[in-house]
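Reviewing the structure listed below.
In listed order, ligands and their atoms are each counted from 1.
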Amino acid sequence: MSDPTASFLTRFLGVFVYSRRALELVWTTDRRLTLALAALTLIAGVLPAVIAYIGQLIVDGVVAAMAAEVPDTAGVMWLIVLEALVVVVVAASQRGISVSQSLLRALLGQRVNVMILEKALTLQLAHFEDSEFYDKLTQARREASSRPLSLVNRTFGLVQNGISLVSYAVLLFAFSPWAVVILICAGLPSFFAEAKFSNDAFRLFRWRSPDTRMQIYLETVIAREDGVKEVKLFGLGPRLLQRYRDIFKKLFVEDKKLTIRRDTWGFFLGVLSSAAFYAAYAWVVITTINGGITLGAMTMYLVLFRQGQAAVAASLTAISGMYEDNLYLSNLYEYLEQEVPVRSGKALQGPEPQRGLEFDQVSFRYPGADDNALTDVSFRVAPGESLALVGENGSGKTTLIKLLTRLYTPTGGRISLDGLDLQEWDVEALRQRIGVIFQDFGRYQFSVGENIGAGDVRYIDDLERWKTAADTGMAAPFIETMPDGYDTQLGRWFKGGRELSGGQWQKIALSRAFMRSDADILVLDEPTAAMDAASEAAIFDHFQSQSDTKMTILISHRFSTVRAADRIIVIQDGKILEQGNHESLLAEDGQYASLFRLQAKGYQ
Ligand code: ADP
């Protein structure tokens, strides 16, 4: 075991670990405001001692004036004016502090949010699919506007109180060095205890984060638009709510223990420090009665002790709030510091464009998974060819597309385009060549036009291109019946937004894929599942007409469309089971043939 003192200190200092980083964050957000805040904090920290000192001069002045034959009233009056001025300066610096804090809060909130989002842009799909990491992202976003500044405020508050305490100590030193010792010793136990409990709370919080996450998830399911339908129809509500309650109960027991322990200790240590203060109080009074110090000095010392105690109490409150800020920042920094593999590859074109797309013994296993999602998959699609992937749910079709689009990197084998390994391609150049619609395509709460234009950011605002793409994607007819046409706001989140049917959304997504007119690989992951048969036929006619120049990869369960593909691959459990065209696969009389007959029977 390590040295207990050292470990205690580390735990104690844990409260301040993120203060430095929060300060750095504030400093780099706006140096002038930070400097102003620091200067004002210093002033607001020192001046209370100055006021106490002037107070002493005033009382002594009054006592001397009363004893003198010709009283020096003017001198005392000037001191009062001086004290009033200092009080004004204190008030001004408090205001200044609050102004700088407000401005910093706005700047810092924006800055942290931008940092979070910028980082999100560099992340890979795998990060978003990792529950713990995704949770960090959500938590980081949740309180981005308030937490960093709150920690800074508390740290500055602590510094301000610290400065006040030092200045009180300087003045008290003249009375007796022992008084300084009392001032420090009276505050320290509470201080350490508060820091320790804050740290405990911090660890408790982190440790049980999966429970908290489940609670948040339950809240979302019960109270959000997309969960409501099923929750109502299946009567899940009470059950989910009970689970929510149970988690709370479990967490509350721990919370209660810690809170009670914390406050009991806080109370007794508080009594101890009050006792020390009052002992010092008594000591000052007795010394005055015995003529050891002047009445003015006594007044000052009493003020110093009382304010010293208040400063200690304020510091403790600051510390006890710091654990929550720490919690936030530790999460934020873990998120921001997540390592992202550098994107390799610079090539903008391959050496042999006629080779098209090749999978060579490609295997893939999801991070943390026990089994391969794909094993030894090999096939080729030449320019102008169309490929259809057939297989049960979970057989690995979408995974294959994720590899092709470089959302994931194969764990074995190699994928190449135009004779060049995908990893050597510049990722942007590669993605420019691919138009893809996933099953769970985006339904952006933007205008219709932007929803389509999103397919190619270069032309996101180009009405003519929207129209062409919408024509090809079969979305134009219904868009034109909408009152605002391409300017119609979609979705329900914003006022006046219009919700579309599943099939209409799918046509929008198709049109989006067609925005990439120069993309020569078109990937459609069950694009027509929600679409009517006439639209489906029309869209596939269009594909066929494109096929002279382009590669099409289609995932579908409808054999009526699959059969038209130049090559059909049947996937089962991540492996290629059969491969060929419709005729050859029928002749082979394997899985494809039997599935085909099964479906054909349904139509007879
Ligand atoms: P399909 O598209 O053929 O329905 P997928 O390619 O989506 O199937 O899934 C193939 C396999 O990989 C399934 O067993 C699925 O459980 C698993 N899988 C899919 N996505 C992930 C993921 N993000 N993390 C871990 N496993 C996954």
### Task
Using heavy atoms and a cut-off under 4.0 Å, could you grab the residues that are in contact with ligand 1, chain by chain, numbers ascending?
Glu129, Tyr366, Ala373, Glu392, Asn393, Gly394, Ser395, Gly396, Lys397, Thr398, Thr399, Lys402
### Set of side chain to side chain contact (heavy atoms under 4.5 Å, CB included) partners for Gln354, sequence neighbours left out
Glu352
### Query
Below 4.0 angstrom, N of the basic side chain to O of the carboxylate: do Asp426 and Arg406 qualify?
no
### Query
Going by an N to O cut-off under 4.0 Å, is there a salt bridge joining Glu24 and Arg20?
yes
### Residues that Glu583 engages under side-chain hydrogen bond (donor to acceptor under 3.5 Å, both in side chains), provided they are two or more places apart
none
### Query
Between Asp456 and Arg516, is there a salt bridge with N-O shorter than 4.0 Å?
no
### Query
Can you list every ring pair (Phe, Tyr, Trp, His ring centres under 6.0 Å) pair that touches residues 333-355, not counting sequence neighbours?
Phe133-Tyr335
